[in-house]
Amino acid sequence: MDIVKLKNIQEKLVQRVIREGRPYIEYIGGVDLAFSGDRRFAFVTIVVIKFPDLEVVEVVKEKDNVKFPYIPGFLAFRELPPILKALRRVRTKIDLMMVDGHGIAHPRRLGIASHLGVVKNIPTIGVAKSILVGKFETPDDRKGSYSYIYDRDEIIGVVLRTKKGTKPIFLSIGHMISLDYAIEITLKCVKGYRIPEPTRLAHIEVENMRRGQNALW
DNA sequence: GCGACAG
DNA sequence: ATCTTGTCGC
């Protein structure tokens with residue numbers, strides 16, 4: 001594993017990222033991963049919900065061997081293989097994928113959400129729980145308020161308050177969607193919790209999976 | 001050189 | 001991400 005080569009891959013793929021688009025959305029997918037205690041296995045869950053009613057229409061669970069360590073800025077090389085494996089079994093035609101992690105709010109503008117979008121050629125949004133790069137002001141404590149995340153003079157995402165009284169989330173364009181539309185869709189996916197339904201439900205499901213509640217995995 | 005650093 | 005109990009606040 002050579003960091004220089006991985007950077008080259010990211011710098012090549014980032015050229016294909018499209019930062020605009022207002023795709024018609026009927027089905028939204030949410031992905032999340034969990035790892036076994038010994039770190040050898042990765043569990044993945046993809047939850048597909050119908051938009052805008054947010055009703056779950058499909059859940060796919062997959063397990064894979066971990067082949068790469070976690071290195072800030074290179075999360076996709078660790079988590080994308082398991083995700084792609086699970087994605088092959090999804091039957092619903094997904095119009096938008098929400099990923100746990102950043103999109104272009106990344107040092108080289110190719111966080112895992114953007115990486116997935118480019119590789120699969122689908123619209124994606126990055127929904128992270130903490131900052132990776134950039135500066136921002138804390139948004140007002142009202143649901144829906146947000147402030148921009150800047151890296152130098154570039155706007156790379158927003159810090160979005162999805163629920164009053166809780167920490168905001170960090171949203172960024174993944175691929176083939178504008179920031180405004182990403183914010184709009186994400187807010188419509190919030191049901192009363194900090195995390196929007198797609199990734200929130202995926203997280204709950206993958207956590208059940210990891211605990212061996214399904215020892216069959 | 002020092003600190004930051006998605007999940 | 002995972003490990004882990006209680007505790008503070010709406």
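So you know, we letter chains A, B, ... as the sequences are listed, proteins then strands, and number each from 1.
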Can you confirm whether [X] sits close enough to [Y] that some side-chain heavy atom of one is under 4.5 Å from a side-chain heavy atom of the other?
X       : Y       : answer
A/Ile3  : A/Met1  : yes
A/Asn8  : A/Glu11 : yes
A/Asp95 : A/Phe51 : no

Heavy atoms only, 4.0 Å cut-off, all strands: where does A/Gly165 land among base, sugar-phosphate and nothing? nothing

Determine the contact category for A/Phe77: base if any of its heavy atoms lies under 4.0 Å from a base atom, sugar-phosphate if only primed atoms, P, OP1 or OP2 are that close, otherwise nothing.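 The residue A/Phe77 makes no contact with any strand.
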
At a cut-off of 3.5 Å, list every protein nitrogen or oxygen paired with a nitrogen or oxygen from nucleotides 3-7 of chain C, distance to 0.1 Å.
residue	atom	partner	partner atom	Å
C/dC3	OP2	A/Arg210	NH1	3.3
C/dC3	OP2	A/Arg210	NH2	3.3

Verify, without hydrogens or angle tests, whether [X] (side chain) and [Y] (backbone) share a donor-acceptor contact under 3.5 angstrom.
X        : Y        : result
A/Asp141 : A/Gly165 : yes
A/Asp32  : A/Thr199 : no
A/Arg16  : A/Val118 : yes
A/Gln10  : A/Gly73  : yes

Is there a residue in residues 117-133 of chain A whose heavy atoms reach under 4.0 Å of DNA chain B, and which residues are they?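 Residues of residues 117-133 of chain A under 4.0 Å from DNA chain B: A/Ala128, A/Lys129, A/Ser130, A/Ile131, A/Leu132.
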
When you measure from every atom of DNA chain B, which of residues 101-108 of chain A have a heavy atom less than 4.0 Å away?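 Those residues whose heavy atoms fall under 4.0 Å from DNA chain B, taken from residues 101-108 of chain A in numerical order, are A/Gly101, A/His102, A/His106.
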
Could you grab the distance from atom CG of A/Leu116 to atom CG of A/Asn121, nearest 0.5 Å is fine?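 One finds 11.0 Å between CG of A/Leu116 and CG of A/Asn121.
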
CE-CD1 distance between A/Met98 and A/Ile28, expressed to the nearest 0.5 angstrom: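 If I round to the nearest 0.5 Å, the distance is 7.0 Å.
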
Protein-nucleotide distance (A/Arg78, atom CZ; C/dT2, atom C1'), rounded to Å: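 So the two atoms are 11 Å apart, to the nearest Å.
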
Can you tell me how far P of C/dT2 sits from CZ of A/Phe41, to the nearest Å?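 So the two atoms are 15 Å apart, to the nearest Å.
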
Considering only residues two or more places apart or on different chains, which pairs with a residue in residues 167-210 of chain A satisfy ring pair (Phe, Tyr, Trp, His ring centres under 6.0 Å)?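 Found A/Phe136-A/Phe170.
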
Run the numbers on A/Val44 and A/Val31 for side chain to side chain contact (heavy atoms under 4.5 Å, CB included), then give the verdict. CA-CA 7 Å; A/Val44 196; A/Val31 212; 3.9 Å; yes

For residues A/Leu13 and A/Leu6: do they belong to one hydrophobic cluster (side chain heavy atoms under 4.5 Å, members Ile, Leu, Val, Met, Phe, Trp, Tyr)? yes

Restricting to non-hydrogen atoms, name the atom on A/Gly134 and the atom on A/Ile156 that form the minimum distance, rounded to 0.1 Å. CA-CD1, 4.4 Å

Which residues satisfy the salt bridge (Lys or Arg N to Asp or Glu O under 4.0 Å) test with A/Asp153, sequence neighbours excluded? none

Salt bridge (Lys or Arg N to Asp or Glu O under 4.0 Å) against A/Asp140, all qualifying residues, sequence neighbours excluded: A/Arg142

Determine whether the side chains of A/Ser36 and A/Asp38 contain a donor N or O and an acceptor N or O closer than 3.5 Å. yes

Is it true that A/Asp100 and A/Lys129 have a side-chain N and a carboxylate O under 4.0 angstrom from each other?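 A salt bridge links A/Asp100 with A/Lys129.
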
Would you please name every residue forming a ring-ring contact (aromatic ring centres under 6.0 Å, His included) with A/Tyr70, sequence neighbours left out?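 A/Tyr70 satisfies ring-ring contact (aromatic ring centres under 6.0 Å, His included) with no other residue.
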
Which residues share a ring-ring contact (aromatic ring centres under 6.0 Å, His included) with A/His106, sequence neighbours left out: none

Restricting to nitrogen or oxygen on both sides, can you table the protein-nucleotides 8-10 of chain C pairs closer than 3.5 Å?
none

Taking Watson-Crick (N1-N3 plus N6-O4 or O6-N4) and G-U wobble (N1-O2, O6-N3), each under 3.5 Å, can you produce the dot-bracket string of DNA chain B? Use [ ] for crossing pairs and | for inter-strand ones. .......

The single option from A/Lys61, A/Arg211, A/Arg210 that satisfies salt bridge (Lys or Arg N to Asp or Glu O under 4.0 Å) with A/Glu205 is A/Lys61

Parsed dot-bracket for DNA chain C after applying the Watson-Crick and G-U rules with both distances under 3.5 Å and | for other-strand partners is ..........

What is the first contacted nucleotide of DNA chain B and what is the last, in 5' to 3' order, if contact means an atom lying under 4.0 angstrom from a heavy atom of chain A? B/dC5 to B/dG7

